[in-house]
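Below is one structure, written out as structure tokens, with a few remarks after it.
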Amino acid sequence: MLIILLLLRMNFSDELVQWYIQNKRDLPWRNTNNAYIIWLSEIILQQTRVEQGMPYFNRFVEKYPDVGSFAAAHEDDILKLWQGLGYYSRGRNMLKTARLVNELYHGKFPEQYNQLIKLKGIGEYTAAAISSFSANEAKAVVDGNVYRVIARYFGIDEPINSTKGKKIFQQMADELLNHDQPGLHNQAMMEFGAMLCKPKNPACGICPVRTGCFAFINNAITTLPVKLNKLKVRDRYLNYFLIVDGDKLLMNKRDEKDVWANMYDLPLIETSFLMSETDLLNLPQLSDHFGQHIKILEISPIYKHILTHQRLHVRFINIQVKNVNLEQNWFYTDVESLQKLAMPKIIFIFIKNFFNL
DNA sequence: AAGTCGGGGGC
DNA sequence: GCCCCAGACTT
């Protein structure tokens with residue numbers, strides 16, 4: 001019985017690897033075993049589609065061809081290059097890791113799972129990916145694709161985002177791993193999930209392993225994998241003030257907490273509910289910052305900006321003021337330097353249009 | 001164990 | 001709208 005199970009599993013891996021070799025996409029990070037380059041690609045691709053991450057990967061490789069050059073960068077430069085990709089802590093953690101690697105390993109990016117897992121921004125998935133792709137270490141990756149492929153093929157209905165579920169899927173992935181070619185096996189599992197065993201409308205018609213697939217046989221494609229979802233979305237109302245003084249604009253550097261940590265936006269008054277323009281302009285905070293003589297030049301419509309846990313209602317209010325009480329993180333910048341600051345997408349778009357950049 | 005962190009694409 | 005994307009970190 002055990003032997004039959006073993007054979008079945010070996011066949012599964014072999015089938016996927018064969019399918020992979022014939023159908024894989026030609027992606028730039030697949031043509032190297034340079035752990036640094038693979039690290040770059042893996043961090044960029046966390047929770048990010050390949051098409052979205054690709055241009056960022058190319059720009060990062062170009063600008064920072066090795067760990068040393070990355071380690072020497074300023075956080076502002078990393079965040080600027082990361083602008084628009086989201087989950088900015090990835091960029092900030094990369095800088096910490098690059099600097100540590102540069103010191104600890106003298107610029108040679110580690111390839112062993114046990115070394116990688118200790119680094120900031122590298123979890124189980126990424127450590128397994130880097131070690132198996134760069135050095136063929138026998139560690140099985142479990143990403144969103146792998147969860148889906150295993151859940152469907154073996155009919156596992158344990159939620160993939162429960163603690164118990166994660167353990168089960170990791171264990172199954174470990175057992176499935178082809179120890180002769182871990183890197184190839186891992187790539188195959190993920191590519192198969194991404195290209196064929198897709199979340200919606202998987203291509204079961206051309207699937208090489210459908211005859212052994214639980215979900216295909218039992219018509220459970222749409223119900224597997226199972227995921228617990230209790231996503232709470234919060235509404236936030238962001239009122240940004242555009243204050244132009246000659247050729248300079250008043251900017252704010254955000255703090256370490258909250259979204260968009262360490263990035264740049266504008267002076268902000270946040271409310272937890274939709275406030276009318278007149279009520280907003282009567283807020284004491286406004287006169288505290290800008291005095292009594294405030295002239296409204298222009299008010300933008302309210303833009304809805306969707307984040308994972310937040311619905312942002314954003315508007316921009318262009319005002320003319322006599323004097324400004326500078327907050328801790330406020331500063332003036334000219335339009336030239338403006339382009340070097342890493343800004344959240346919605347801020348960047350607005351400013352870009354406003355100044356015709 | 002639950003909450004937080006972006007932005008975009010497919011349906 | 002809702003779900004998902006080569007997840008990790010903090011509380």
Would the base of dG6(B) count as contacting Thr308(A) through its side chain, where contact means a donor and an acceptor less than 3.5 Å apart? yes
As an exercise, state the distance from CZ of Arg152(A) to CG of Asp157(A), rounded to the nearest 0.5 Å. 14.0 Å
Would you mind reading off the distance between Ile306(A) atom CD1 and dC2(C) atom P, rounded to a whole angstrom? 10 Å
Paired to dG7(B) by Watson-Crick or G-U wobble criteria (both distances under 3.5 Å) is dC5(C)
It should be established whether Gln310(A) places a side-chain nitrogen or oxygen under 4.0 Å from OP1 or OP2 of nucleotide dC5(B). yes
Would you please say whether a donor-acceptor pair under 3.5 Å links the side chains of Lys167(A) and Gln170(A)? no
Given that Arg92(A) and Arg49(A) both sit by DNA chain B, which one's nearest nucleotide is further toward the 5' end? Arg92(A)
Protein-nucleotide distance (Lys198(A), atom NZ; dG9(B), atom P), rounded to Å: 17 Å
Does a nitrogen or oxygen in the side chain of His305(A) sit under 4.0 Å from OP1 or OP2 of dG7(B)? yes
Where each residue is assigned the nucleotide of DNA chain C containing its nearest heavy atom, which of Asn186(A) and Gly121(A) is assigned the position nearer the 5′ end? Asn186(A)
When rounded to whole Å, the CE to P distance for the pair Met195(A) and dG9(B) reads 17 Å
Under 4.0 Å between a side-chain N/O of Thr48(A) and OP1 or OP2 of dG6(B), yes or no? no
Please tell me if Arg30(A) has a side-chain N or O lying less than 4.0 Å from either OP1 or OP2 of dA6(C). no
Asp258(A) near the nucleic acid: base, sugar-phosphate alone, or nothing, with a heavy-atom cut-off under 4.0 Å? sugar-phosphate
Applying side chain to side chain contact (heavy atoms under 4.5 Å, CB included) to Phe12(A) and Ile150(A), what does each step give before you reach the verdict? CA-CA 11 Å; Phe12(A) 181 68; Ile150(A) 290 181; 5.7 Å; no
When rounded to whole Å, the CZ to C1' distance for the pair Arg254(A) and dC5(B) reads 12 Å
Figure out the CD/C1' separation between Glu51(A) and dC4(C), and round it to whole Å. 12 Å
Determine the contact category for Gly193(A): base if any of its heavy atoms lies under 4.0 Å from a base atom, sugar-phosphate if only primed atoms, P, OP1 or OP2 are that close, otherwise nothing. nothing
Considering only heavy side-chain atoms of Tyr87(A), the closest of dG7(C), dG7(B), dC4(C) is dG7(C)
With the side chain defined as heavy atoms from C-beta on, Lys345(A) is closest, among dA6(C), dC4(C), dG7(B), to dG7(B)
Testing dG6(B), dT4(B), dA6(C) for proximity to the side chain of His309(A), the answer is dT4(B)
Does the side chain of Gln112(A) come under 3.5 Å of the side chain of Ser131(A) through a donor N or O and an acceptor N or O? no
From C-beta outward on Tyr88(A), which listed nucleotide comes closest to its side chain: dC4(C), dA6(C), dG7(B)? dG7(B)
Flag the pair Asp258(A) and Arg254(A) as a salt bridge only when some basic side-chain nitrogen lies within less than 4.0 angstrom of an acidic carboxylate oxygen. yes
Output the rounded distance in Å from NZ (Lys227(A)) to P (dA2(B)). 14 Å
Tell me if the side-chain of Gln52(A) makes a donor-acceptor pair with the base of dG7(B), cut-off 3.5 Å, by modelled atom types. yes
Does Trp82(A) reach a base, just sugar-phosphate, or nothing at all? Heavy atoms under 4.0 Å. nothing
Which part of the nucleic acid does Ser41(A) contact within heavy-atom distance under 4.0 Å: base, sugar-phosphate only, or nothing? nothing
If you check every side-chain atom of Val259(A), which of dT10(C), dC5(B), dC5(C) has the closest atom? dC5(B)
Need to verify one output field. Residue with the more 5' nearest nucleotide on DNA chain C, Thr126(A) or Arg148(A)? Arg148(A)
For Tyr87(A), does the six-membered ring have the charged nitrogen or CZ of Arg90(A) within the cation-pi criterion, i.e. under 6.0 angstrom from the centroid and within 45° of the normal? no
Would you kindly say whether Tyr36(A) and Asp66(A) are connected by a side-chain donor-acceptor distance under 3.5 Å? no
Report the nucleotide, chosen from dA6(C), dG7(B), dC5(C), that has the shortest atom-to-atom distance to any side-chain atom of Met190(A). dA6(C)
What interatomic distance, in whole Å, is found between P of dG6(B) and the corresponding atom of dT10(C)? 14 Å
Check the distance between dC4(C)'s P and Gln46(A)'s CD and give it to me in whole angstrom. 19 Å
Mind checking if Ile43(A) touches a base, just sugar-phosphate, or nothing, with heavy atoms under 4.0 Å? nothing
Lys257(A) side chain N/O closer than 4.0 Å to the phosphate oxygens (OP1, OP2) of dC5(B)? no
Out of dC5(B), dG7(C), dA6(C), which nucleotide sits closest to the side chain of Gln47(A)? dG7(C)
Distance test, side-chain N/O of Trp260(A) to OP1/OP2 of dT4(B), below 4.0 Å: no
For dT4(B) and dA6(C), measure between their P atoms and round to the nearest Å. 25 Å
Comparing Leu231(A) and Lys200(A) on DNA chain B - which has the more 5′ nearest nucleotide: Leu231(A)
May I ask you to say what Gly86(A) touches in the nucleic acid, namely base, sugar-phosphate or nothing, with a heavy-atom cut-off under 4.0 Å? base
Is Lys248(A) positioned over the aromatic face of Tyr332(A), cation under 6.0 angstrom from the ring centre and no more than 45 degrees off axis? no
Atom pair distance, as rounded to whole Å: CG in Asn161(A) and C1' in dC4(C): 12 Å
